[in-house]
Amino acid sequence: MITKIKKIFVACLMCCGITAALTACSDDNTGSIDVSGSCLVEKFVLNGQYEGTINTEKRLVKVKVPVDFDKKNDMEVTALTVSEGAQTNIKVGDHVNFDGDRTLHITNGDLVMDYQVSVRNDEALLKLFILEGVKGAINQDDKTVTVSIMANSGVDLGNATFEVECSEDATCSPASGTKANFTEPMQLTLTDNTATNTYTVNVTLIENPVALFVGDAENVEMLNDEEKAAAKWLTGNIEGAAYASWDMVASGSISLDECKLIFFHRHSPAYGNFNGFAEAATGAMTALPKMKEFWKNGGAFVLSRSAVNYAIALGAMPENVYPNNCWGGGGGEGSDLMGDDPWHFFAYDINHPLWKNMKTYPGAPEDAVYTLDNGYTICNTTSQFALWNPYTGKDSFDEITGNRAVARGGDGAIVAWELKTANGNYGKGGIICFGTGLFDWNSPTPYTSVYHDNMGQIMLNAFDYLTK
């Protein structure tokens, strides 16, 4: 034992000696590197009047120009001040095309720093409007916002709270987070220097919704973040859509007479069998008689995440056929999809109406369907069919279920499927199931939406396919 301790002590001394030698070598060579100066931008002016705002932390120089300025492709650098002794690739007197961002490269001795120079027109656009948890549909052409709220929601429209998101640098009056009277058209004014827009908000009270997102909570804001994002997409993008709790459906306090589609997206722990789902989703099971009647009368469903099991309860899938490849159910933690080519799944038939007008990654296979973006973080919760006994592929899935698979994962697992109507046909009055983890609505991390826009397009396609 003593011998082992001695060996460890000697090894530690050797490591310390090597470290000291490396440190000494490093110190001996610092004299050949000139780091005495700095590479900071102190002033940047274009065309003699447009001075940039400098963010040293983000290495960004932002220059704002009037809303109608259309000559960004030829702008003169009239003032540029940087740290003493520094050199730049862009100089005073240069004419530069700023239709896109440009890099200001600065050197000072052996120091190097790059700034992004961005010239942006003033812009006052409304990006998001939410009234008491209900997302509004924004029409940028006529500058209107339409919010559809259930007539029996209990919202006091005479003193309701609203939230907005505006384009960068724009301010809103009245301010986001305040209360206003929405019993009549209400106006919001957005301003960014030379840019001004006034939006008119109209609230529509819905007696008979055309589409419903149904969940366990009393209102949208009480849903978990994943379900809340999905519900707000529906109410903000399909005219006449609304949110309802399962209790409202079960009690008959909400009319389904004009409803064409139910969207049930349940984010919860995955279940290894139907019984596990049925025991947990008590609200949905309580409303089952109403939902069966709705389906038998030609109503359609989009079921996603663990809600795909509801198809069994409706009678659209055999009782012994439930997803055999399930995991996840966290609150937002999961896979951060790094890289320029995000995760995707594959359509069995890319010409199916579900996949119309998809944005696709350059050079991607024709059948690839993208729903996520670089930097998007998903829970990666799935309820899908892996290719093991008895499911050996699409043909076996179709034969066993009496329905048809419409998409597969990269490993071949069946991640989306289509179920027949109560009358035994596909299309209007049918059911679409998304068991893939890539059918995800909420990212806890920031990202730039490109392919995630496909989520909304798929839902619009599904609505058209199942209701018209």
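Just so you know, residue 1 is the first one in the sequence shown, and it goes up from there. A quick note: this is a predicted structure, and the numbers were derived from the prediction, not measured.
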Point to revise | Contacts of Y465 that satisfy ring-ring contact (aromatic ring centres under 6.0 Å, His included) - sequence neighbours left out | key: H352

Review point. Can we say K359 and D373 salt-bridge, meaning some charged N sits less than 4.0 Å from an Asp/Glu carboxylate O?
Key: no

Study note, to complete from the structure: In W233, F263, W441, the residue satisfying ring-ring contact (aromatic ring centres under 6.0 Å, His included) with F213 is F263

Review point. Do Y243 and E218 meet the criterion of a side-chain donor-acceptor pair at a distance under 3.5 Å?
Key: no

Exercise for review: Applying ring-ring contact (aromatic ring centres under 6.0 Å, His included), name anything that partners F301, two or more places apart in sequence or on another chain.
Suggested key: F294

Practice item. Quick one: sort the F98 and F44 rings into parallel, tilted or perpendicular, breaks at 30° and 60°. Key: perpendicular

Study note, to complete from the structure: Only one of E227, E221, E132 passes salt bridge (Lys or Arg N to Asp or Glu O under 4.0 Å) with K232, and that residue is E221

Practice item. Indicate whether any N or O donor in one side chain lies under 3.5 Å from an N or O acceptor in the other, for S118 and D101. Key: yes

Check your understanding: To the nearest 0.5 Å, what is the distance between CG (N202) and CE (M186)?
Key -> 11.5 Å

Practice item. Look at the side chain of N47 and the backbone N and O of Q49, then say whether any donor-acceptor pair between them is shorter than 3.5 Å. Key: no

Review point. Which class fits the ring pair F277 and F264: parallel under 30°, tilted 30 to 60°, perpendicular over 60°?
Key: tilted

Check your understanding: Should the pair K62-D169 be classified as a salt bridge under the 4.0 Å nitrogen-to-oxygen rule?
Key -> yes

Practice item. Not counting sequence neighbours, which residues clear salt bridge (charged side-chain N to carboxylate O under 4.0 Å, His left out) with D99? List them please. Key: none

**Study point:** Output field: ring centroids W417/Y391 closer than 6.0 Å
**Key:** no

